[in-house]
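Below is one structure, written out as structure tokens; comments come after it.
Values below: every heavy atom of this structure, side chains too, minus hydrogens, waters and symmetry copies. Just follow the structure's listing: the first ligand is 1, and inside any ligand the first atom is 1. We number each residue from 1, following the sequence as shown.
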Amino acid sequence: MLANTSQLILRNIADLTGKVLFVEPEADQLARQLQTLTAISCYTTDAAVKTQWQDAGVNVYFAAKPDFTEKFDTAVVFYPKSKEQLASTLQLLHSALAEKANVYLVGDNKGGIKSLVNHAEKLGLHAHKLDNAKHCLWFSLTGDLGQLTLRQLSSFTLSLNDKSLQICSYPGVFNHGKLDKGTALLLQQLAHINDGKVLDFACGAGIIGAYLKQQAPAIELYCSDISMLAVEATQATLAANQLSGTVVAADGLPSTPANFKHIVSNPPFHTGIKTDYSISEAFIAQSANRLQKGGTLTLVANNHLAYQQLLEQAFGNIKVLAKANGFVVYQTVKSQ
Ligand SMILES: C[S@@+](CC[C@H](N)C(=O)[O-])C[C@H]1O[C@@H](n2cnc3c(N)ncnc32)[C@H](O)[C@@H]1O
């Protein structure tokens with residue numbers, strides 16, 4: 001399957017010359033459709049995209065701030081879901097582009113690329129529309145990327161249960177700079193977690209994991225997220241609060257350790273700009289396999305999402321621990 005943005009790139013493949021860098025592409029099969037290009041690389045912060053491009057034999061840069069070891073003649077940038085990421089991503093490219101390199105941008109109309117001309121102007125750049133098909137736009141971008149601002153970690157203080165936590169985050173990390181209302185509700189329902197291996201799945205800026213480790217220092221904390229921005233933000237959050245934990249990038253549950261005593265999550269239900277329940281379905285099924293006997297899965301979700309049925313199917317039991325502001329906290333126990 002190819003995303004519409006990827007199909008638009010293939011339609012304009014004649015524009016792509018020399019060494020080409022694909023920046024934050026979608027999780028699809030594009031890498032396998034680029035046989036006419038001789039030298040391609042990929043920069044992504046998404047663990048699923050990393051795996052797909054590596055499996056297609058492409059050199060992948062995977063970090064919040066990658067160290068590029070080569071110069072590219074062409075960069076193809078996918079318009080980011082969070083607009084505030086664009087300037088920073090372009091700034092990162094600056095040092096990786098050869099003199100006179102061409103920069104192209106592609107995006108889905110639903111993702112906001114229609115406003116790129118204005119957005120680019122505000123950044124001191126110029127966007128020129130070149131093509132329009134499949135509800136997507138193809139632009140070239142000119143101007144000095146070096147004057148743009150690089151992504152910086154920022155932090156805010158969270159006060160809970162008479163204690164405070166410094167939460168570090170990057171633009172592009174879930175709910176950047178704020179505590180989500182669903183997460184806030186979930187944090188009030190975690191007093192049963194005191195020891196054992198505990199996973200904060202889909203950790204974002206690491207709020208749940210940091211809170212758990214601060215409240216119950218005896219736990220062995222693991223945090224995972226598909227996004228490298230989230231992984232690096234969580235590492236910074238733990239370090240800022242002198243808390244220890246293992247933080248990994250993974251699409252779905254991390255492969256190690258084999259079992260957890262407790263899993264806690266405010267799980268994702270989006271892939272890019274689309275609602276996608278399959279991630280949570282897979283997460284719940286994987287959790288049922290990876291929890292030790294007597295272990296718990298505690299998660300929060302919007303009350304319009306069909307988690308109750310999924311949890312009942314996978315675990316055979318379910319409790320509603322709290323309901324407020326359109327969110328529900330569910331808990332299931334691994335019985336055998
Ligand atoms: C609703 S946010 C929760 C973030 C954080 N736990 C909080 O409560 O603030 C969901 C997180 O899921 C991550 N995510 C999306 N798809 C994923 C996948 N397939 N595997 C792991 N994490 C994923 C996103 O990057 C995002 O950080």
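- Between Ala202 and ligand 1, a contact under 3.5 Å exists for at least one N or O pair.
- Across the listed options Gly172, Ala205, Cys203, Gly182, Cys203 owns the non-hydrogen atom lying nearest to atom 5 (C) of ligand 1.
- Those atoms of ligand 1 that come under 4.0 Å of a heavy atom in Ala250, given as number and element, are 20 (N), 21 (C).
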field: side-chain contact (heavy atoms from CB on, under 4.5 Å) between Ser335 and Phe315, worked out
entry: CA-CA 8 Å; Ser335 52; Phe315 287 86; over 6 Å; no
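- The aromatic rings of Tyr104 and Trp138 lie parallel to each other, their planes meeting at an angle below 30°, with 60° marking the opposite boundary.
- Annotation for Pro25 and Val49: closest pair O-CG2, 3.5 Å, computed over non-hydrogen atoms.
- In summary, the atoms of ligand 1 found under 4.0 Å from a heavy atom of Phe201, numbered by their order in the structure, are 20 (N), 21 (C).
- Taking OG1 of Thr45 as the reference point, atom CG of Leu229 lies at 4.5 Å (rounded to 0.5 Å).
- Numbered from 1 in the order shown, with element, the atoms of ligand 1 that lie under 4.0 Å from a heavy atom of Gly204 read 4 (C), 5 (C), 27 (O).
- The closest approach between Asp180 and ligand 1 stays at or above 4.0 Å for every heavy atom of the residue.
- When each atom of ligand 1 is checked for a heavy atom of Ile208 under 4.0 Å away, the hits are 6 (N), 8 (O).
- Looking at Ser227 next to ligand 1, no N or O pair under 3.5 Å apart turns up.
- Although no hydrogens or angles enter the test, the distance criterion places no donor-acceptor pair under 3.5 Å between the side chain of Ser140 and the main chain of Leu130.
- Of all the atoms in ligand 1, the ones that sit under 4.0 Å from a non-hydrogen atom of Thr183 are 7 (C), 8 (O), 9 (O).
- The closest heavy-atom contact to atom 18 (C) of ligand 1, among the options Leu229, Asp225, Ile226, Val231, comes from Ile226.
- In this structure, the side chain of Asp251 does not engage the main chain of Ala47 through any donor-acceptor pair within 3.5 Å.
- When each atom of ligand 1 is checked for a heavy atom of Gly252 under 4.0 Å away, the hits are 18 (C), 19 (N), 20 (N), 21 (C).
- There is a side-chain donor-acceptor pair under 3.5 Å between Tyr61 and Glu70.
- Looking at Arg290, its side chain does come within 3.5 Å of a backbone N or O of Pro254 through a donor-acceptor pair.
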